[in-house]
There are 2 protein chains.
Amino acid sequence: MAAEYEPTERTRVRRKPKRGSYDRELVHAILDEAMVCHIGFVDDGHPYVIPTIHARDGETIYLHGSPANRMLGTLADGTACCLTATLVDEIVLARSARNHSLNYRSVMVLGTAREVTDAAEKRRALRAVVEHMVPGRADEVRGPNEKDLETTKVLSMQIEEASAKVRTGQPADKPDDLELPYWAGVLPLALTSGDPLPSPDLTGDIPVPGHLHDWNRS
Amino acid sequence: MAAEYEPTERTRVRRKPKRGSYDRELVHAILDEAMVCHIGFVDDGHPYVIPTIHARDGETIYLHGSPANRMLGTLADGTACCLTATLVDEIVLARSARNHSLNYRSVMVLGTAREVTDAAEKRRALRAVVEHMVPGRADEVRGPNEKDLETTKVLSMQIEEASAKVRTGQPADKPDDLELPYWAGVLPLALTSGDPLPSPDLTGDIPVPGHLHDWNRS
């Protein structure tokens, strides 16, 4: 399998090509780290952008939800869509307002989705979603039963037309601004977890799974 | 001004109406807390979703970027767009895989944008963007000069057709699952900042602004 996705007219990063990447591993890593993605599609002539949980298995992205979910129904009909996942890494603080920026990593995947009807693949997809949220969690829950599968719609989307955009590094102030008496640098950001809060209806003496204390994304 | 936006056929939350809100203050608060938003628009018949920094001033959302930016050009032409901002608050861990979820707050604003050409409004918009990233920062940088204004495109979008969606609270396991020996609860997440990292070209003895140590979103 090629190390890079083939750029197309629609995915090639034009204005700042150095920020663009088609690297397969980078695209995968961004999709895996992002807790949610944003799905864009057109319905009745108007664009909509809806946040949703996704999960990746190889070159397949899975989405899921209620069979009554409007977005999933529209996508299952073969409507073109754009799946975008974004991670904000650092605030870039320059001497000038103009050169402030964000360091980020984002992925855009274009294509169409299809409904997954095979029970085994649905199970794999739903397992991947749970593992995407909390690695290790799928082995400490009741997996989907027949009714769960019937009442969950799963879609898949192949990663074929995709690109990443990444900004890293320090601010790029103009030479004239370098001597200004203002602090410049980056402020790192991370999505971090606090203490797990047990459900009030938790029965018995069930301990918090230890790995929940080590949940981290960054 | 009404406390709620008027729901429309396009913004009314249908499937889980209790999660929907049209409350003006809630919509504003989500937009203000979200570091970036995702903009959906249609170009040459295909939907695209692009992450970007936004800022709110009253009922106006400002976007900005290079005059060569493709998305800004398309939006300035009056193309319909959807602006969505999403905050992920907690991972919801249930006894069953099926009842896992995310607690989140999201906002969707539908409409069109227009280019801001008035210099005073452009300055206000760019100040709002810097303040959106780091409150207090706009007073400790060099503000935009004439050339900065000329080489920055600013768009505005009115918040008129908007809705929020919010999930809070503990997992909703089925009664039959409550006795299962699996931990259930929520894992709180927050976007937190680390230590500021000075730019290598920082001259003199300029201290880190104290408020950067207290940057928090959640």
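Note that the coordinates shown come from a computational prediction; the quantities given were computed from them, not determined experimentally. Every chain is numbered from 1, with letters handed out A, B, ... down the list of sequences. Both backbone and side-chain heavy atoms feed into the values below; hydrogens, waters and symmetry mates do not.
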Step-by-step side-chain contact (heavy atoms from CB on, under 4.5 Å) determination, A/Arg142 to B/Asp173: CA-CA 11 Å; A/Arg142 175 180 71 66; B/Asp173 275 309; over 6 Å; no

Heavy-atom pairs under 4.5 Å with chain B, option from A/Gly204, A/Pro188, A/Gly194 with the top count: A/Pro188

Residue A/Val134 versus chain B: region with a heavy atom under 4.5 Å: side chain

Can you give the donor-acceptor pairs under 3.5 Å from side chains of residues 74-84 of chain A to other protein atoms, not counting sequence neighbours?
| from | atom 1 | to | atom 2 | distance (Å) |
| --- | --- | --- | --- | --- |
| A/Thr74 | OG1 | A/Arg70 | O | 3.0 |
| A/Thr79 | OG1 | A/Thr74 | O | 2.9 |
| A/Thr84 | OG1 | B/Val49 | O | 2.7 |

Side-chain heavy-atom pair B/Glu90, A/Leu197 within 4.5 angstrom cut-off: yes

From A/Asn145 atom CG to B/Asp177 atom CG, the distance as rounded to the nearest 0.5 Å: 7.5 Å

Heavy-atom pair with the smallest gap, counting every atom of B/Leu189 and A/Trp215: CD2-CZ3, 3.4 Å

Among the listed options B/Pro181, B/Ser66, B/Pro171, the residue most often paired with chain A at heavy-atom distances under 4.5 Å: B/Ser66

Working for side-chain contact (heavy atoms from CB on, under 4.5 Å), residues B/Met108 and A/Tyr48: CA-CA 8 Å; B/Met108 185 172 80; A/Tyr48 292 89; 4.1 Å; yes

Min side-chain heavy-atom separation A/Tyr104-B/Val36 under 4.5 Å: no

Atom of A/Leu202, atom of B/Ala184 and distance for their closest heavy-atom approach: CD1-N, 3.4 Å

Choice from A/Glu140, A/Lys165, A/His46 maximising heavy atom contacts with chain B below 4.5 Å: A/His46

Exercise: identify the closest heavy-atom pair between A/Trp183 and B/Leu212: CZ3-CD1, 3.6 Å

More than 12 heavy atoms of other groups within 6.0 Å of B/Asp139 CG: yes

Top of B/Pro200, B/Gly185, B/Ala138 for chain A proximity - count of heavy-atom pairs under 4.5 angstrom: B/Gly185

A/Arg10 versus chain B, the contacting section by heavy-atom distance below 4.5 Å: both

Those residues that, when tested against B/Asp32, pass salt bridge (Lys or Arg N to Asp or Glu O under 4.0 Å) (two or more places apart): B/Arg56

Interface residue of largest heavy-atom contact number with chain B, from A/Met133, A/Met35, A/Arg137, under 4.5 Å: A/Arg137

Minimum heavy-atom distance A/Pro47-B/Val42, with the two atoms named: CB-CG2, 4.1 Å

Region of A/Val208 that comes under 4.5 Å of a non-hydrogen atom in chain B: both

Per-residue contacts, residues 91-100 of chain B versus chain A, heavy atoms under 4.5 Å: B/Ile91, B/Val92, B/Leu93, B/Ala94, B/Arg95, B/Ser96, B/Ala97, B/Arg98, B/His100

Max heavy-atom pair count under 4.5 Å with chain B, selected residue of A/Val88, A/Leu149, A/Val129, A/Thr152: A/Thr152

Side chain to side chain donor-acceptor pair (under 3.5 Å) involving A/His38 - partner list, sequence neighbours excluded: B/His38, B/Thr86

Minimum-distance pair of heavy atoms, taken over all atoms of B/Gln170 and A/Pro198: NE2-O, 3.4 Å

Residue, of B/Ala68, B/Gly143, B/Ser106, B/Pro144, that accumulates the most heavy atom pairs under 4.5 Å with chain A: B/Ala68

Partner chain B: residue of A/Thr203, A/Leu110, A/Asp148, A/Thr192 with the largest heavy-atom pair count (under 4.5 Å): A/Thr192

Closest-packed option against chain B by number of heavy-atom pairs under 4.5 Å, given A/Asp201, A/Asn69, A/Val130, A/Leu180: A/Asp201

